Amino acid sequence: MGNPRRQLVLNAFFQRFGHHPTAWRHPSQKDDGVPRLSWWVQAARMAEEAKFDAFFLADFVGRAPDQLEEASRNGQNYQFEPLTLMSAIAASTRHVGLVVTVNTNFSEPYAVARALSSLDHISGGRVGWNVVSSLSDAASKSFGLPHTRGHGERYERAAEFVEVAKALWDSWDDDAFQRPNRESGRFFEPASAHPVRHRGEHFAIEAVLDVPRPIQGHPVFVQAGNSDTGRDFAASIAEMTYCSAQSLSVAQEYYADVKRRAAQRGRDPDHVKITPGLSVVVAESDGAAQDRFDDLQNAIDFRHGVRVAGVDLSGYPLDGPLPDLPESENGKGRFRQMVELARRENLTIRQLVLRFSVSRGHLQVIGSPKTVADRIEEWFVERGADGFNVVPPLLPSGFVDFARLVVPELQRRGLFRREYTGSTLREHLGLPRPATRRAR
């Protein structure tokens with residue numbers, strides 16, 4: 001296929017035991033369910049040793065008190081709050097980017113801008129913000145919100161939230177605090193401050209941030225969204241997108257569409273990195289990898305009912321077709337992908353769970369290092385992706401295998417770095433550092 005000039009992006013997306021629903025029950029798991037800082041620090045260090053661009057922490061907010069029986073069979077959640085955890089990881093790593101999820105429904109721009117600027121300084125300029133606007137009923141109730149905002153309203157609020165945060169980061173010149181004048185007694189020059197006076201649909205503030213401008217100017221903006229509204233949002237603000245696609249043609253359509261929309265907004269399409277999810281199981285041979293995956297699949301327990309896209313399907317035959325379902329307010333794009341797959345391939349509910357829910361709609365590759373690297377290279381060269389968000393079904397062993405077997409193969413092909421050449425996440429990704437609004 002040849003070696004393209006652009007560099008592959010690789011991000012590591014970890015959950016405590018892995019992304020497969022049965023991962024927490026696998027015989028290799030020996031720990032209890034209490035989160036441990038040492039585990040997460042070691043995970044981030046593994047990503048750094050493999051020269052990954054970023055280590056990504058998701059956040060699934062809100063637990064429904066009336067669904068504890070169902071929740072008790074899910075070992076994927078109940079993890080640390082990501083901003084707190086990432087501060088500890090920042091102090092224990094040197095190079096890998098740190099992408100943290102912050103939901104725009106549950107905070108205010110000032111608090112988020114302050115926290116992310118602090119983390120960018122603590123980490124030496126390695127922070128990315130995964131801007132999330134999803135809002136479940138359980139999350140609304142957990143935060144005491146009077147109602148669940150609609151899909152469009154949430155994106156509108158998120159767009160304004162990001163603009164206010166940018167203004168707050170730009171409320172100081174880059175060098176505002178670099179020359180305190182001890183003789184005159186002036187810690188900074190007032191002219192270096194640019195107060196934010198914002199009156200909008202969702203926020204009204206007057207402030208200057210009480211933290212210096214981030215080392216990167218702004219954190220790298222990351223966003224996940226497959227719906228039409230999500231694509232517009234990505235084209236407007238995202239510098240890296242997490243998306244889902246199970247075929248190259250679907251990935252190419254998303255890739256071209258988001259890049260086109262970005263160009264229409266006057267942005268450089270190369271400054272939007274498209275990184276679909278990659279659910280990967282690798283071993284020395286294709287057969288050995290398939291055996292490992294089958295061990296996980298065979299452990300899926302259908303005895304206690306099935307939920308698909310948040311809908312309880314226990315009343316329907318497991319080996320019957322997917323019924324017509326109301327479209328979810330969260331994850332509209334992925335919901336449509338799931339339904340389309342079920343209809344196109346005439347899948348039963350059981351088959352759909354095994355095909356789509358297990359991989360969460362991501363590209364699934366099971367095989368030898370060559371098999372996995374071939375698929376990665378194909379999607380990269382054929383413009384289905386700028387890189388991948390690696391989501392191993394079983395952790396930590398699944399990532400150890402990927403780093404040990406696949407990364408060297410990608411390096412041998414000239415697709416992926418052998419050493420870090422920059423110090424910030426923007427430098428890893430080849431993204432420009434935004435100038436202050438005053439400079440612009």
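It should be emphasised that the depicted structure is a prediction, and the values quoted were computed from it without experimental measurement.
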Exercise. For Phe55, is the NZ or CZ atom of Arg126 found under 6.0 angstrom from the centre of its six-membered ring and inside 45 degrees of the ring axis?
Worked result: no
Exercise. Is Glu284 paired with Lys370 through a side-chain N to carboxylate O contact shorter than 4.0 Å?
Worked result: no
Seminar exercise, completed: Given the options Leu8, Asp53, Val407, Leu410, Arg417 meets side chain to side chain contact (heavy atoms under 4.5 Å, CB included) only with Asp53
Exercise. Would you call Arg413 and Asp374 a salt bridge, using N to O less than 4.0 angstrom?
Worked result: yes
For this session: Would you list the pairs meeting ring-ring contact (aromatic ring centres under 6.0 Å, His included) in which at least one residue belongs to residues 391-426, sequence neighbours left out?
Result: Phe14-Phe399, Phe52-Phe399, His95-Tyr420, Tyr420-His428
For this session: Could you tell me whether Arg292 and Asp295 make a salt bridge, using a distance below 4.0 angstrom between a side-chain N and a carboxylate O?
Result: no
For this session: Quick one: list whatever passes side chain to side chain contact (heavy atoms under 4.5 Å, CB included) with Arg350, sequence neighbours left out.
Result: Phe302, Leu318, Asp319, Thr348, Leu354
For this session: Any chance you could measure Leu248, atom CG, to Glu378, atom CD, to the nearest 0.5 Å?
Result: 5.0 Å
Exercise. Which pairs count as ring-ring contact (aromatic ring centres under 6.0 Å, His included) when at least one residue sits in residues 244-294, sequence neighbours excluded?
Worked result: none
For this session: Measure across Val96 and Ala44 and return the closest heavy-atom pair with its distance rounded to 0.1 Å.
Result: CG1-O, 4.2 Å
Exercise. What do the steps show when you test Leu322 against Leu347 for side chain to side chain contact (heavy atoms under 4.5 Å, CB included), and what is the final call?
Worked result: CA-CA 7 Å; Leu322 180 73; Leu347 300 179; over 6 Å; no
Exercise. Going by an N to O cut-off under 4.0 Å, is there a salt bridge joining Arg157 and Glu160?
Worked result: no
Exercise. With a 4.5 Å heavy-atom cut-off, do Leu10 and Val390 have their side chains touching?
Worked result: yes
Problem set entry | Gln252 (side chain) donor-acceptor with Glu382 (main chain) under 3.5 angstrom | yes
Exercise. Under 3.5 Å, side chain of Gln29 to main-chain N/O of Leu395, donor-acceptor pair present?
Worked result: yes
Exercise. side-chain hydrogen bond (donor to acceptor under 3.5 Å, both in side chains): which pairs involve residues 36-50, sequence neighbours left out?
Worked result: Asp32-Arg36
Exercise. Is it true that the side chains of Thr275 and Asn389 contain a donor and an acceptor less than 3.5 Å apart?
Worked result: no
Exercise. Should the heavy atoms of other residues, nucleotides or ligands under 6.0 Å from OH of Tyr316 be counted, would the total exceed 12?
Worked result: no
For this session: State plainly whether the residues Arg343 and Asp324 are in salt-bridge range, i.e. N to O under 4.0 Å.
Result: yes
Exercise. Taking atom CG of Asp268 and atom CD of Glu239, what is their separation to the nearest 0.5 Å?
Worked result: 11.0 Å
Exercise. Does any non-hydrogen side-chain atom of Leu116 lie less than 4.5 Å from one of Pro219?
Worked result: yes
Exercise. Where does the angle between the aromatic ring planes of His218 and Trp169 fall among parallel (under 30°), tilted (30 to 60°) and perpendicular (over 60°)?
Worked result: tilted
Exercise. Between Ser117 (side chain) and Ala113 (backbone), is there a donor-acceptor pair under 3.5 Å?
Worked result: no
For this session: Kindly say whether Ala224 contributes a backbone atom to a donor-acceptor pair with the side chain of Thr241 at under 3.5 angstrom?
Result: no
Exercise. Can you name the nearest heavy-atom pair linking Val272 to Ala238, along with the distance?
Worked result: CG2-O, 3.7 Å
Problem set entry | Test item: Ser368 side-chain N/O and Thr371 main-chain N/O as donor-acceptor pair under 3.5 Å | yes
Exercise. Are the side chain of Asn298 and the backbone of Asp294 linked by a donor-acceptor contact shorter than 3.5 Å?
Worked result: yes
Exercise. Can Lys166 and Asp170 be counted as an ion pair, charged N to O under 4.0 angstrom?
Worked result: no
Problem set entry | Residues forming a side chain to side chain contact (heavy atoms under 4.5 Å, CB included) with Gln15, sequence neighbours excluded | Phe13, His19, Phe60, Gln76, Asn77, Gln79, Arg360
Exercise. Is atom CZ of Arg114 surrounded by more than 12 heavy atoms (other residues, nucleotides or ligands) closer than 6.0 Å?
Worked result: no
Exercise. From Ile215 CD1 over to Arg426 CZ, what is the distance, rounded to the nearest 0.5 angstrom?
Worked result: 12.5 Å
For this session: Check the pair Val391 / Tyr242 against side chain to side chain contact (heavy atoms under 4.5 Å, CB included), numbers first and verdict last.
Result: CA-CA 11 Å; Val391 288; Tyr242 295 151; over 6 Å; no
For this session: Go through Tyr110 and Leu209 one step at a time and tell me if the side chain to side chain contact (heavy atoms under 4.5 Å, CB included) criterion holds.
Result: CA-CA 7 Å; Tyr110 182 87; Leu209 204 59; 4.0 Å; yes
Seminar exercise, completed: Per side chain to side chain donor-acceptor pair (under 3.5 Å), Asn130 is matched among Thr101, Asn103, Asp59 by Thr101
Exercise. Within a strict 4.5 Å, meaning less than it, do heavy atoms of the Pro212 and Asp174 side chains meet?
Worked result: no
For this session: Please examine the side chains of Val220 and Val127, heavy atoms only from C-beta on, and report whether any two atoms are closer than 4.5 Å.
Result: no
Problem set entry | Candidate pair Ile237 and Val131, rule side chain to side chain contact (heavy atoms under 4.5 Å, CB included), full reasoning | CA-CA 10 Å; Ile237 69 104; Val131 184; 4.3 Å; yes
Exercise. Below 4.5 Å, heavy atoms only, C-beta onward: do Ile274 and Cys243 meet side chain to side chain?
Worked result: yes
For this session: Output the distance between atom CZ (Arg404) and atom CE (Met46), rounded to the nearest 0.5 Å.
Result: 13.0 Å
Exercise. Ignoring hydrogens and geometry, is there a side-chain-to-backbone donor-acceptor pair from Arg154 to Ser133 under 3.5 Å?
Worked result: yes
Exercise. If you measure from the Lys or Arg side-chain nitrogens to the Asp or Glu carboxylate oxygens, is any gap between Lys51 and Glu419 under 4.0 Å?
Worked result: yes
Exercise. Quick one: does Asp257's side chain get under 4.5 Å of Arg260's, heavy atoms only?
Worked result: yes
Problem set entry | Salt-bridge present (Glu427, Arg433; N to O < 4.0 Å) | no
For this session: Taking the side chain as every heavy atom from C-beta outward, state whether Phe221 and Val162 have any pair of such atoms under 4.5 Å apart.
Result: yes
Exercise. Counting only heavy atoms not in Arg94, do more than 12 sit closer than 6.0 Å to its CZ atom?
Worked result: no
Exercise. Atom OG of Ser397 and atom NE2 of His26: how far apart are they, to the nearest 0.5 Å?
Worked result: 6.5 Å
Problem set entry | Arg265 and Asp232 ion-paired at < 4.0 Å | yes
Problem set entry | Check: His20/Gln297 side-chain N/O donor and acceptor closer than 3.5 Å | yes
Exercise. Is the backbone of Val9 close enough, under 3.5 Å, to the side chain of Lys273 for a donor and an acceptor to pair up by distance?
Worked result: no
Seminar exercise, completed: Those residues at least two apart in sequence (or on a different chain) that pass side chain to side chain contact (heavy atoms under 4.5 Å, CB included) with Leu145 are Phe106, Leu135, Ser140, Phe143, Arg149
Exercise. Tell me, do Leu85 and Leu83 make a side-chain contact under 4.5 Å, heavy atoms counted?
Worked result: no
Exercise. Should Asp228 and Arg231 count as an ion pair when the cut-off is N to O under 4.0 Å?
Worked result: no
Exercise. How many angstroms lie between atom CD of Gln364 and atom OG of Ser279, to the nearest 0.5 angstrom?
Worked result: 5.0 Å
Exercise. Would you call Asp270 and Arg6 a salt bridge, taking side-chain N to carboxylate O under 4.0 Å as the test?
Worked result: no
